Amino acid sequence: MTDATSQRYNTARLEADADGISRAAEILLAGETVAFPTETVYGLGADATQPQAVARIFEAKNRPSFNPLIVHVPDLEAASRWVDLPDWAEALATAFWPGALTLALPKKTALPDIVTAGHDTLAIRIPATQVAQQLLRAVGRPVAAPSANPSGRVSPTTADHVLDGLEGRIAAVLDDGRCAVGVESTIIGGPEPTLLRPGGVAVEAIEQVLGRSIARQARTDDAAPLVPGQLTSHYAPDAPVRLNATKARPGEILLGFGAIAGERTLSASGDLVEAAATLFALLRELDGVGKPIAVAPIPLDGLGAAINDRLQRAAAPRG
Ligand code: TXA
Ligand code: MG
């Protein structure tokens, strides 16, 4: 990427009021990228019907173009226009949409290939925040959006995080404060429901709705990941990260949880929802200190699965 390409934009920070939302919709319809808040993380949106607009996402993120994107729509009616929902998917949609769940389902109506990277399934989600809902309705078209971070970095949970990574590379960011959930959506694919990525909806809650346990797709090989977000070191801070630490070793800085207090603590009361919501912001903050990061053990149940997944990637050796 040349400097000329990366500094094309005077990135606008738009307030998430009626004016800001309609300005954001105009920019999207004009084929440019806008970062917008969802309940999980900020997404970098583009009109999914315009291949050139979607290409700008990859350019801004410096993302390998084989990665398929999640398409965002405002309601189930819009979702049914783009994908076929088998019974299990309809049950999950009814239970968890709008919300932190993405379904990868057979495509029904063609979108540009660049959106799905040649897959015959489309990943689709209805985000829950008012701002995302209003934006999607104003655009009136499906919006493709990966997390709004340069490829390989932790996902942004505030507009400042977005600007940290993408200022000058995107047209605008719609600022609605901090994301409530803080980790990305749970991804379920088919043909039989299969967990492709743990995320903001606990897999236990999904299994409860379906009345049966579902397959967890084994962590894929880094060389040929089925879900490229599964690249082992995908969510990497610059600092080395050591997991399951009960205390900091000399020179380390500790990210605590529950009874283990650190320089920063994910949740002093051991609340996994609070821990998910603060995870990326605290990783960023500690990464800025310039010391190796030790992280206290986090339980694996509920949102702990998604938190541990992201932490393992943060701690993985860099390729
Ligand atoms: O919470 C979220 O999911 C956020 C917000 C913005 O919605 N988005 C997000 O997108 O995390 P991204 O691109 O960072 O991660 C999307 C993941 C990638 O790992 C991608 O490979 C996978 O979804 N994916 C996309 N389409 C797929 C498909 N058809 N089948 C399987 N996986 C797919
Ligand atoms: Mg991402």
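Not measured: the values here are computed from a predicted model. Just follow the structure's listing: the first ligand is 1, and inside any ligand the first atom is 1.
- With hydrogens and angles disregarded, a donor-acceptor distance shorter than 3.5 Å links the side chain of Thr109 to the backbone of Arg81.
- Under 4.0 Å from ligand 1, the heavy atoms of Ile187 that appear belong solely to its side chain.
- Within a 6.0 Å sphere centred on CD of Glu204, heavy atoms belonging to other residues, nucleotides or ligands number more than 12.
- At a threshold of 4.5 Å between non-hydrogen side-chain atoms, the residues Ile188 and Leu195 count as touching.
- Atoms of ligand 1 lying under 4.0 Å from at least one heavy atom of Gly43, given by number and element, are 6 (C).
- The contact set between ligand 1 and His72, taken as ligand atoms under 4.0 Å from a residue heavy atom, comprises 5 (C), 6 (C), 7 (O).
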Exercise. What do the steps show when you test Arg125 against Thr38 for side-chain hydrogen bond (donor to acceptor under 3.5 Å, both in side chains), and what is the final call?
Worked result: CA-CA 11 Å; Arg125 165 165 120 78; Thr38 79; 2.9 Å; yes
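- Residues Thr102 and Arg197 have side chains that never bring a donor and an acceptor to within less than 3.5 angstrom of each other.
- Of all the heavy atoms of Leu196, the ones lying under 4.0 Å from any atom of ligand 1 belong exclusively to the side chain.
- Within the listing of ligand 1, atoms 25 (C), 26 (N), 27 (C), 29 (N) sit less than 4.0 angstrom from a heavy atom of Ala123.
- Taking only nitrogen or oxygen atoms, main chain and side chain alike, Thr38 does not reach within less than 3.5 Å of ligand 1.
- For Ile70, the closest heavy-atom approach to ligand 1 falls below 4.0 Å.
- Some N or O of Thr40 is nearer than 3.5 Å to an N or O of ligand 1, by distance alone.
- Metal site remark for the Mg ion (ligand 2): Asn149 contributes no N, O or S atom at a distance under 2.8 Å.
- For the pair Ile214 and Glu192, the minimum side-chain heavy-atom distance is 4.5 Å or more.
- At a threshold of 4.5 Å between non-hydrogen side-chain atoms, the residues Ile124 and Trp97 count as touching.
- Taking any N or O of Arg197, backbone or side chain, at least one lies under 3.5 Å from an N or O belonging to ligand 1.
- Phe280 is not listed as a side-chain neighbour of Thr158, based on a closest heavy-atom distance of 4.5 Å or more.
- Counted within 6.0 Å of CD on Glu26, heavy atoms from surrounding residues, nucleotides or ligands total more than 12; the atom is thus considered enclosed.
- Some N or O of Ser185 is nearer than 3.5 Å to an N or O of ligand 1, by distance alone.
- Contact annotation for Ala104 and ligand 1: only side-chain heavy atoms (C-beta onward) come within less than 4.0 Å of the ligand.
- In terms of polar-atom proximity, Arg125 is counted as a contact of ligand 1, with an N or O under 3.5 Å from an N or O of the ligand.
- Proximity to Ser147 (heavy-atom distance under 4.0 Å) selects the following atoms of ligand 1: 8 (N), 9 (C), 10 (O), 12 (P), 14 (O).
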